[in-house]
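The next block holds one structure in the form of structure tokens; read it before the comments.
Hydrogens, waters and symmetry mates play no part in the numbers below; they use all other heavy atoms, side chains included. Convention: sequence-line order gives letters A, B, ...; per-chain numbering from 1.
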Amino acid sequence: MLDELLAPKYLGWLIEGFGVTLLLSALVSVAATALGLALCLGRIAPSRLWSWPARAWLSVFRNTPLLVQLFFWYFGASALMPEGLLIWLNTPHHWDLALFGVRWPSFEYLAGFFGLTLYTAAFIAEEFRSGVRGVPAGQIAAAQALGFTPLQVWLNVVMPQAFRISLPPLLGQYMNAVKNSSLTMAIGLAELSYASRQVETETFKTFQAFGVATALYILTIIVIELAGQWLQRRRPAPGAAGA
Amino acid sequence: MDFTVVADNFSYFMLGAWPDGPLGGAALTLALSVVSALASGVLGLVFGIALAMTRGAAHNVLLLGLGFFRAIPVIMLIFWTYFLLPILFGIDVPGTGTVVVALSLIGGSYLAHSVHAGILSLPPGQWQAAAALGLRRGQALRLVILPQALPIMVPSFINQWVALVKDTSLAYVIGVGELSFVATQVSNREMVYPTEIFLFVALVYFIFCSTLELCANRVARRFGTGAG
């Protein structure tokens, strides 16, 4: 029975891959939320100078496969970069932040982070946009009647409500970021899917290798789901009185 | 930028080795998309109707099953089908078949929820009126509910199919010779123009997906659900 299980060494590979998956998707989620917010503001801006580039971005990044985008950033963009920059990106740098030493990520990691962030931001921008559209027009009129400046209307009235409306779909996008991070295995990043495949080829214990990886993915999705339910109970969506 | 590499390999990008070898490239991407789209549509309808018609334990088991397919990455499901299909059926399943099964299951699980939501979106009076006319539940579903609910669902079907076209690129991981795989092959062979190659490939996918998206927006406007 014991030899049916994975040796600690291989479990270690999977856990390490899981760590890469978690950190990468967390970083991507944060960066893509900021970028997605900026894109959403550009998309709904009255000036075409802003809205058209944003529209083009959303259309291009939503309508091409993430895998091709990752290949483009990994193989294609490095061919376009000036040699000096490429060398700089590929050499390890070291910073010491307070207690932690920050290790310079590999080029695979950088390309994966960059590609995933741009892709995810395009989806998050659309979730924000539907959130903004969900704020009743009366709210804006009422704030204006109270003498709020346009900026105040945005910051104090529209954004907090839009954010609450977009919270559930936003969490859905974070789940997608976790699942999509598996595609970085194609550019050689040793995240969870990559690790499961590696363990499988080494041990031939296909069922165990894929099983552990699958369970870890499901666990992550469940945790995000529960966090979302908890957040929503704490801060009910508009209309649910109070808050 | 030098796109001669694209022009030189154009037929390989579009058709793969065909007619001397198996069909590949963009044509295989389209074929995989169409077959998986149809299969995921059927699965979505079946499971969505099942969600609407079941209560209690059966309903929860169904939800759990669908939740599983929605929670795992497409790549993991492709690995699983690649490994399990030959064991289940005792035959060699080609890579294309593996991908179609995986994509149909994932697409079907997402669509099941859209179908369920579409059925729920009709006022309960529709069911009651059908029952008052003496229709059984199955008849009411077939004659009264679905004809009204299906048009509402069309945009979400098309949006799901856009995601599906993009996901066919993941067939790459098990070496199926569709467009992305062919692109990396050419890129590795030529070694010099990866930027041009991947830009071109992205453009082909973009044409496929934005055409579908345009259809979705049109349909949405026609039925007044306003997704555009």
Side-chain angles (χ1 to χ4, degrees), chain A residues 21 25 58-81 119 123 126 130 133 172 175-187 191-194 196-197 200 204 206-207 209-211 213-222 224-225, chain B residues 1 29 67-84 87 106 159 162-174 178-181 183-184 187-188 191-214 226-227:
Chain A
T21 291
S25 22
L58 295 181
S59 172
V60 166
F61 281 88
R62 290 167 61 94
N63 282 329
T64 51
L66 175 59
L67 186 72
V68 174
Q69 292 182 26
L70 289 174
F71 283 149
F72 176 80
W73 298 120
Y74 186 65
F75 297 111
S78 56
L80 287 183
M81 270 183 219
Y119 183 81
F123 285 86
E126 287 294 58
S130 4
R133 280 199 301 195
M175 295 180 191
N176 284 343
V178 173
K179 293 188 280 172
N180 286 335
S181 71
S182 63
L183 270 65
T184 56
M185 74 171 280
I187 56 170
E191 46 67 68
L192 185 54
S193 303
Y194 185 96
S196 75
R197 173 100 144 213
E200 192 251 350
F204 298 108
T206 315
F207 199 83
F210 292 169
T214 303
L216 289 174
Y217 277 116
I218 293 179
L219 180 76
T220 314
I221 299 298
I222 291 178
I224 299 178
E225 175 79 43
Chain B
M1 288 272 160
T29 293
F68 171 80
F69 289 116
R70 286 150 48 101
I72 66 172
V74 183
I75 286 192
M76 282 313 296
L77 188 62
I78 291 179
F79 285 171
W80 275 118
T81 46
Y82 191 67
F83 163 63
L84 284 179
I87 297 179
I106 291 213
N159 285 329
V162 172
L164 205 140
V165 173
K166 294 193 288 172
D167 283 347
T168 58
S169 63
L170 300 179
Y172 163 88
V173 296
I174 54 166
E178 43 66 62
L179 186 54
S180 309
F181 185 79
T184 51
S187 177
N188 290 340
M191 303 273 276
V192 270
Y193 305 116
T195 322
E196 288 84 344
I197 291 172
F198 290 114
L199 272 181
F200 169 72
V201 167
L203 175 72
V204 176
Y205 279 109
F206 181 76
I207 293 172
F208 289 167
C209 294
S210 47
T211 313
L212 264 176
E213 199 190 26
L214 275 179

Pick from B:V192, B:V201, B:V162, B:L199 with the largest number of heavy-atom pairs that fall under 4.5 Å of chain A: B:L199

What residue in B:S180, B:S210, B:S187 has the most heavy-atom pairs under 4.5 Å with chain A? B:S210

Which atom names give the shortest non-hydrogen contact between [X] and [Y], and what distance separates them?
X      : Y      : answer
B:E213 : A:N63  : OE1-ND2, 3.1 Å
B:A202 : A:T64  : O-CG2, 3.2 Å
A:R62  : B:K166 : O-NZ, 2.8 Å
A:A213 : B:M76  : CB-CE, 3.7 Å
B:F79  : A:S193 : CE1-O, 3.9 Å
B:V173 : A:R197 : O-NH2, 3.1 Å

Is the distance between the ring centroids of B:Y82 and A:F210 under 6.0 Å? no

Region of [X] that comes under 4.5 Å of a non-hydrogen atom in chain A:
X      : value
B:F83  : side chain
B:T184 : side chain
B:Y193 : neither

Only pairs of heavy atoms separated by less than 4.5 Å count here; which of A:G76, A:S130, A:P65 has the most with chain B?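 Highest number of heavy-atom pairs under 4.5 Å: A:P65.
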
In terms of heavy-atom pairs under 4.5 Å with chain B, which of A:V68, A:T206, A:V178 leads?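 Of the options given, most contacts go to A:T206.
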
Any non-hydrogen side-chain atom of B:F68 less than 4.5 Å from a side-chain atom of A:T214? yes

Any side-chain heavy-atom pair of B:W80 and A:F207 under 4.5 Å: yes

Would you call the rings of A:F75 and B:F198 parallel, tilted or perpendicular if under 30° counts as parallel and over 60° as perpendicular? parallel

Side chain to side chain contact (heavy atoms under 4.5 Å, CB included) between A:F71 and B:I197, worked out: CA-CA 10 Å; A:F71 283 149; B:I197 291 172; over 6 Å; no

Any chance you could measure [X], atom [atom1], to [Y], atom [atom2], to the nearest 0.5 Å?
X      : Y      : atom1 : atom2 : answer
B:L170 : A:L67  : CG    : CG    : 6.0 Å
B:I75  : A:N180 : CD1   : CG    : 9.0 Å
A:S182 : B:L77  : OG    : CG    : 11.0 Å
B:R70  : A:N176 : CZ    : CG    : 10.0 Å

What part of A:T220 is in contact with chain B, defined as an atom under 4.5 angstrom from a non-hydrogen atom: side chain, backbone, both or neither?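 Nothing of A:T220, per the 4.5 Å heavy-atom cut-off to chain B.
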
Which atoms of A:I222 approach chain B - backbone, side chain, both or neither, heavy atom under 4.5 Å: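 Contact with chain B involves no heavy atom of A:I222 at all.
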
